Amino acid sequence: MLKLVILISGSGSNLQSLIDSVHKNGIAKILRVISNKADAKGIQRAEAAEISTSIIEHRDYSSKQDFEEDIVKAIDAIEPDYILLAGFMRILSNEFIAHYPDKIINIHPSILPAFRGLNTHQRAIDAGVKQHGATVHLVIPELDSGPIIQQISVDISINDDAHTLANKVLKQEHQLYPDVVKALADGRITIRDGVVYTQ
Ligand code: GRF
């Protein structure tokens with residue numbers, strides 16, 4: 001069974017979809033949820049599912065290094081197979097990422113490599129593209145640039161604004177992230193030396 005640690009900062013709706021799918025199919029176990037915000041709704045979701053939580057608030061630390069060292073301690077106590085970023089809003093250092101080769105995965109709300117960074121939904125509308133979506137990818141030091149694991153797309157309709165589009169994408173994200181975890185658990189996706197292999 002895959003051992004997972006999930007890092008969040010906010011609502012945790014992706015976390016919820018992972019909790020629900022993992023409980024249903026029993027292919028992975030979420031052993032800890034770490035949030036850099038005490039008031040993240042995702043913490044309540046984890047507690048409701050009886051998953052242990054760590055609140056490690058970046059603003060309590062004078063340096064990023066100290067902040068990340070405490071995250072590393074919380075993760076290494078678990079020795080997870082994968083560390084899933086699910087709406088975790090801090091940029092991780094190169095040192096942190098190098099500490100977990102082939103293990104840190106992120107979900108980003110765009111069809112990468114389009115729209116790296118923030119405000120992806122509004123930017124997609126402003127750009128006039130007809131499709132938008134989400135990407136699950138391996139984390140490397142360059143932001144939102146790691147090898148792509150799996151993607152979904154949704155059509156942008158003339159009536160969409162950033163809010164409706166975000167909801168459309170999020171609904172698909174809730175399918176995408178659990179699908180990737182299942183594929184990792186089944187061995188249909190493997191990650192070695194920074195390369196993603198899909199069967
Ligand atoms: C999602 O859109 C995810 O792609 C992005 O942040 C959002 C998190 O939403 N990285 P939630 O906290 O999972 O509800």
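These numbers come from the heavy atoms of this one structure, side chains and all, not from hydrogens, waters or symmetry mates. Keep in mind the model is a prediction, meaning the values are calculated, not measured. Note that ligands are numbered from 1 as they come in the structure, with each ligand's atoms numbered from 1 the same way.
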Going by distance alone, is a donor N or O of one side chain under 3.5 Å from an acceptor N or O of the other, for S17 and D20?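 Not at all, the side chains of S17 and D20 share no donor-acceptor pair under 3.5 Å.
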
Between the side chains of R123 and D126, is the shortest nitrogen-to-carboxylate-oxygen separation below 4.0 Å, so that they form an ion pair? no

Using a strict cut-off of less than 4.0 Å between a Lys/Arg side-chain nitrogen and an Asp/Glu carboxylate oxygen, indicate whether D186 and K182 qualify as a salt bridge. yes

S11 neighbourhood, listing ligand 1 atoms whose heavy-atom distance to it stays under 4.0 Å: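 Answer, ordered by atom number: 12 (O), 14 (O).
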
Check for me whether G12 has a heavy atom closer than 4.0 Å to any atom of ligand 1. yes

Decide whether the shortest distance between a heavy atom of L170 and an atom of ligand 1 is less than 4.0 Å. yes

Tell me the protein heavy atom at minimum distance from [atom], and give that distance in Å.
| atom | value |
| --- | --- |
| atom 10 (N) of ligand 1 | I107 O, 2.9 Å |
| atom 1 (C) of ligand 1 | E173 OE1, 3.1 Å |
| atom 13 (O) of ligand 1 | N14 N, 2.8 Å |

Treating Ile, Leu, Val, Met, Phe, Trp and Tyr as nodes and any side-chain heavy-atom pair under 4.5 angstrom as an edge, say whether L4 and V33 lie in one connected cluster.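 Yes.
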
If I take atom CD from residue Q199 and atom CD1 from residue I189, how far apart are they, to the nearest 0.5 angstrom? 9.5 Å

H132 NE2 to T120 OG1 distance, which is reported to the nearest 0.5 Å: 4.0 Å

If you compare S13, A166, G87 by their heavy atoms, the one closest to atom 14 (O) of ligand 1 turns out to be S13

Return a yes/no value for L15: is any of its N or O atoms, backbone included, closer than 3.5 angstrom to an N or O of ligand 1? no

Short N/O distance, under 3.5 Å, between G10 and ligand 1? no

Look at the aromatic rings of F67 and F88 and report parallel, tilted or perpendicular, splitting at 30° and 60°.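 If you compare the ring of F67 with that of F88, the planes turn out parallel.
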
